[in-house]
Amino acid sequence: MLTTTAELLTKLQPPRSNTAVISSMVNAIIKCGGESDAHALLSQYLTHPNDFTHSYLLPIFKKWGNLSVAEALFGVAVEGDRLKEDADPEILEVLGHLKYAPVMPILADCLFKEKTTDYYISAYAALGLLHFDCSGLQKEIKESIEDCYGKNLFPEFVPALVCKLNDRQQVLENLYELGNTTASTDCNAGIILGFSLCAEEGRPYFMKILFDPAWETGSSATGTVQYVYKGLKNLEISFKTVYEYMISASDSVNESLDVFFALLRKRINDADLHHPESFADLYTLLFTITTGSQNSALTDLAEHAGKGGEADELENLLLLKVNEEVLLKNFIQ
């Protein structure tokens, strides 16, 4: 068990530490921990599973949990065949991620039988179902996606289940039309995630919307940027590719820079250590001074768009991450 885990257990006792400090420790455990850390924190979680501060531990269980962790979470969150009223809905996604089979019918019931109107239950149920074989739910999934067509607001992550359909080309086209026409940008993250989970079939749609202002892909207020970033990882699209695409294909560099910078911030704050591009690679790509200039090409581009200060801030943050990365390489394989 990590020293950080022992310290976090102390921080979770009254009076509790600042949640920003707790979040930083959680990220460290996700990066450097293991099953022993998950089990140690599970004991704390089970004392008060509905405590808001304890919800910060769920990403650790998602990363390092195993069957026994899943069984314990299921036991405190589910009663009969339903999620308990006071349970944290995020557990549904965690159990799905851990591929805990007993939760699958509950996820399906939430979405297709009960058709819950609770945003969070619907969202986490759909995200959890993504981790299961849905060959027996083809009709239910297609009908639920079709029910979103022509609407401004709908269960946001139901469209992500397009990746589970055996025949999905026309559905992908319809979802692209939905996002372009009637879907609120408060409600398009599931469509974007669905594109990214459909591999080569979904890639063209994902790339078309990447810098399209109508999709507001850089928005942190709606949470859309989080799922665009996930999409880059799902499709194994490098930041080098995104950077080159932004320069070559964007109509408005100013708006495109907003998206690019928002995605770069997501990369900087990502607790996952496994990326094809290191922070050193990113720093070299984006902030190497060009011949005949005192700035990098990105810095020049940002200054012309009135975003030089933001570019400087991101350069400094990336350099900090380069230093962190070099240190971590000595301890983590």
Assess whether atom NZ of Lys11 is packed by more than 12 heavy atoms of other residues, nucleotides or ligands within 6.0 Å. no
From Tyr124, Tyr120, Tyr227, residue fulfilling ring pair (Phe, Tyr, Trp, His ring centres under 6.0 Å) relative to Phe157: Tyr227
Let me confirm one number: the NE2-CD1 distance from His54 to Ile22, rounded to the nearest 0.5 Å. 8.5 Å
Step through the shown structure and confirm whether more than 12 heavy atoms of other residues, nucleotides or ligands are within 6.0 Å of CG on Asp167. no
Could you check if a side-chain atom of Val228 sits within less than 4.5 angstrom of a side-chain atom of Phe206, using non-hydrogen atoms only? yes
What distance do Ile268 atom CD1 and Leu263 atom CG have between them, rounded to the nearest 0.5 Å? 11.0 Å
For Ile141 and Cys134, run side-chain contact (heavy atoms from CB on, under 4.5 Å): C-alpha distance rounded to whole Å, both residues' side-chain angles, the deciding distance at 0.1 Å, then the answer. CA-CA 9 Å; Ile141 290 172; Cys134 295; 3.8 Å; yes
Could you tell me whether the side chains of Asp133 and Ser135 share a donor-acceptor contact shorter than 3.5 Å? yes
I'd like to know whether CD of Glu236 has more than 12 heavy-atom contacts from other residues, nucleotides or ligands below 6.0 angstrom. no
Tell me if a side-chain donor or acceptor on Ser196 pairs with a main-chain N or O of Leu235 at a distance below 3.5 Å. no
If every non-hydrogen atom of Val171 is compared with every non-hydrogen atom of Ile145, which pair is closest and at what distance? CG1-CG2, 3.8 Å
Any side-chain heavy-atom pair from Leu328 and Cys32 closer than 4.5 angstrom? yes
Start with the C-alpha distance between Leu257 and Leu298, add both sets of side-chain angles, then the distance that settles side-chain contact (heavy atoms from CB on, under 4.5 Å), and finish with yes or no. CA-CA 9 Å; Leu257 273 173; Leu298 178 61; 3.8 Å; yes
Heavy-atom nearest pair, Val26 first then Leu8, reads CG2-CD2, 4.1 Å
Any salt bridge between Arg267 and Glu277, counting N to O under 4.0 Å? no
About how many Å separate NE2 of His39 and CZ of Phe61, when rounded to the nearest 0.5 Å? 10.0 Å
What are the two closest heavy atoms between Ile209 and Thr217, and how far apart are they? O-CG2, 3.3 Å
With hydrophobic residues grouped by side-chain heavy-atom distances under 4.5 Å, do Leu46 and Val78 end up in a single group? yes
Heavy atoms, side chains only, cut-off 4.5 Å: are Met246 and Leu301 in contact? yes
Residues Ser55 and Asp88: closest non-hydrogen pair is CB-OD2, 3.5 Å
Can you name the closest pair of heavy atoms from Val162 and Cys198 and give their distance? CG1-SG, 3.9 Å
Closer than 3.5 angstrom, by distance alone: can the side chain of Glu216 be matched with the main-chain N or O of Thr224 as a donor-acceptor pair? no
How about Leu137 and Leu161: do any of their side-chain heavy atoms sit closer than 4.5 Å? no
Taking the side chain as every heavy atom from C-beta outward, state whether Val94 and Tyr100 have any pair of such atoms under 4.5 Å apart. no
Has the side chain of Asn188 got a donor or acceptor atom that lies under 3.5 Å from a matching backbone atom of Trp215? yes
Hydrophobic cluster identity match, Met1 and Ile29, side-chain contacts under 4.5 Å: no
Ser122 OG to Lys115 NZ distance, which is reported to the nearest 0.5 Å: 11.5 Å
When rounded to the nearest 0.5 angstrom, what distance separates CG in Leu319 from CZ in Phe279? 12.0 Å
Within 6.0 angstrom of Gln138 CD, more than 12 heavy atoms from elsewhere: yes
No-hydrogen, no-angle side-chain donor-acceptor test under 3.5 Å, Asp270 and His275: yes
Atom CG in Leu107, atom CD1 in Ile121: separation rounded to 0.5 Å? 11.5 Å
Geometric cation-pi criterion, Arg265 with Tyr229: 6.0 Å, 45°: no
Side chains of Asp281 and Ser278: is there a donor and an acceptor less than 3.5 Å apart? yes
Look only at the side chain of Ser23 and the backbone of Thr19, and say whether a donor-acceptor pair between them is shorter than 3.5 Å. no
Taking the six-membered ring of Tyr176 as reference, does the NZ or CZ atom of Lys208 fall below 6.0 Å from its centre and within a 45° cone about the axis? yes
So Asn269 and Asn27, side-chain contact (heavy atoms from CB on, under 4.5 Å) or not? Walk me through it. CA-CA 9 Å; Asn269 291 313; Asn27 282 341; over 6 Å; no
Is it true that a side-chain atom of Glu177 and a backbone atom of Glu173 form a donor plus acceptor pair closer than 3.5 Å? no
Using the side-chain contact (heavy atoms from CB on, under 4.5 Å) rule, take Asn174 and Gln170 through it: C-alpha gap first, then chi angles, then the decisive distance, then the call. CA-CA 6 Å; Asn174 293 341; Gln170 186 57 53; 3.0 Å; yes
Determine, using the 4.5 Å side-chain heavy-atom cutoff (strictly less than), whether Val322 and Leu327 are members of one ILVMFWY cluster. no
Validation row: Leu232, Lys266 side chains within 4.5 angstrom (heavy atoms): no
Is it the case that the side chain of His97 and the backbone of Glu93 share a donor-acceptor pair, with hydrogens and angles ignored and the cut-off at 3.5 Å? no
Are Asp258 and Lys307 close enough, and set up right, to give a salt bridge (Lys or Arg N to Asp or Glu O under 4.0 Å), and what steps lead you there? CA-CA 9 Å; Asp258 286 337; Lys307 301 180 186 298; 2.8 Å; yes
Side-chain touch Trp64/Val69, heavy atoms, less than 4.5 angstrom: no
Minimum side-chain heavy-atom gap Phe154-Leu178 below 4.5 Å: yes
Crowded around Lys233 NZ? As in, over 12 foreign heavy atoms under 6.0 Å? yes
Is the backbone N or O of Asn295 less than 3.5 Å from a side-chain atom of Thr290, with the two atoms forming a donor-acceptor pair by type? yes
Closer than 4.0 angstrom, basic N to acidic O: yes or no for Lys321 and Glu325? no
Work out which heavy atom in Gly150 is nearest to a heavy atom in Thr182; give both atom names and the distance. C-OG1, 3.5 Å
Answer with yes or no whether the hydrophobic clustering places Leu282 together with Ile247; edges join I, L, V, M, F, W, Y residues whose side-chain heavy atoms lie under 4.5 Å apart. yes
ILVMFWY network linking Ile30 to Val21, side-chain heavy atoms under 4.5 angstrom: yes
Would you say Lys164's side chain and Leu130's backbone share a donor-acceptor pair under 3.5 angstrom? yes
Is the Tyr283 ring parallel, tilted or perpendicular to the Phe287 ring (thresholds 30°, 60°)? tilted
